[in-house]
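Beneath this line is the structure, given in structure tokens, with notes to follow.
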Amino acid sequence: MNIFQKYSKYYDLFYRDKDYKKESGYIYNIISRFYKNPLHILNLGCGTGNHDFYLLDRGLHLTSVDSSREAINIANSKKKKKRISNEQIKFFNLDIRKINLKTKFDCAIALFHVINYLNSNTDLSDCFKSVNKHLKKNGLFVFDSWYGPAVLQDLPEKRTKMIKLKEHKIVRKSLPTLYPNENIAEIKFKFNLSDNKNKSENSFTEIHRMRYLFYPEIEMLLKMSGFALIHAEEWMTGQPIGFNSWYALFVARKI
Ligand SMILES: C[S@@+](CC[C@H](N)C(=O)[O-])C[C@H]1O[C@@H](n2cnc3c(N)ncnc32)[C@H](O)[C@@H]1O
């Protein structure tokens, strides 16, 4: 899997305004609402570790995995800088469809559309089964997703985001294409980096294929993987999900 290899280097810059602290508080409250005394958390698709450090502040211990080696290297260097022990957080470069950690956790989380990178039913079911194997009895699985009814109501659009630094400018253009029969939105990210000092330019492209999901298929795939879907709400607002909920949060329990 090659996505996020080059992008990882700029990931934290593009999401420097994302409120990871608030999101981590929200996720901590969701976990605590459905699971008594959670401690050991498996974080799927942790990226550069931004939720991990805030969840650690809430007293949780994390084992966090991502398929991007670059993202894991960044997460590990932050961990080293913050002098965090291996008992508190461990990062591994692994694919969430086939993890085998030989440990069981209270809860697994997958935040910021990680699950949407699993494009086929097989990918989703491999991941869900692998998560199930890593949970204790009654363990929780909490993840967010692009929510199908809202995505089709308010289609993804072309966007441009620019980051200006002292000597650099980074422009990211997002160009979406929808594949309705696969439930896939393919986003072509075109990056252009200009270095004012050396007067040089560099560009690269990454294609992210995101599968938007619908309630009945999530419920069915979870059931087939040994989970009961116990709760769904709009991301961060807690409202019931519907046509306006682009981002939805799902909570499943191991049965
Ligand atoms: C949008 S990022 C979210 C990262 C992090 N959770 C956050 O909130 O900043 C999606 C992440 O999912 C990871 N990912 C996608 N497919 C994966 C897979 N099959 N196995 C492990 N990680 C995966 C990507 O490498 C990327 O870091």
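Whatever order the structure lists ligands and atoms in, that order sets their numbers, starting from 1.
- Using cut-offs of 30° and 60° for the angle between ring planes, the H134 and F105 rings count as tilted.
- Heavy atoms of L94 come nearer than 4.0 angstrom to ligand 1 in at least one pair.
- The nearest non-hydrogen atom to atom 18 (C) of ligand 1, considering only L44, L111, I96, comes from I96.
- The shortest heavy-atom distance from Y15 to ligand 1 is not under 4.0 Å.
- Look at V114 and you'll find a heavy atom under 4.0 Å from some atom of ligand 1.
- Taking the six-membered ring where tryptophan is involved, the planes of F227 and F141 are tilted, since the angle between them lies from 30° to 60°.
- Note on ligand 1: H51 sits in its first shell, one or more heavy atoms being nearer than 4.0 Å.
- Under the 4.0 angstrom criterion for non-hydrogen atoms, C46 is in contact with ligand 1.
- The closest heavy-atom contact to atom 4 (C) of ligand 1, among the options G45, S64, A110, C127, comes from G45.
- Distances between N or O atoms of D95 and those of ligand 1 include at least one value under 3.5 Å.
- Annotation: Y117 places no N or O atom under 3.5 Å from an N or O atom of ligand 1; distance criterion only.
- Across D66, N116, N93, heavy-atom proximity to atom 25 (O) of ligand 1 is greatest for D66.
- When A75, S67, S68 are checked for heavy-atom proximity to atom 21 (C) of ligand 1, S67 turns out nearest.
- Looking at D52 and K82, no side-chain N of the basic residue comes within less than 4.0 Å of a carboxylate O on the acidic one, giving no salt bridge.
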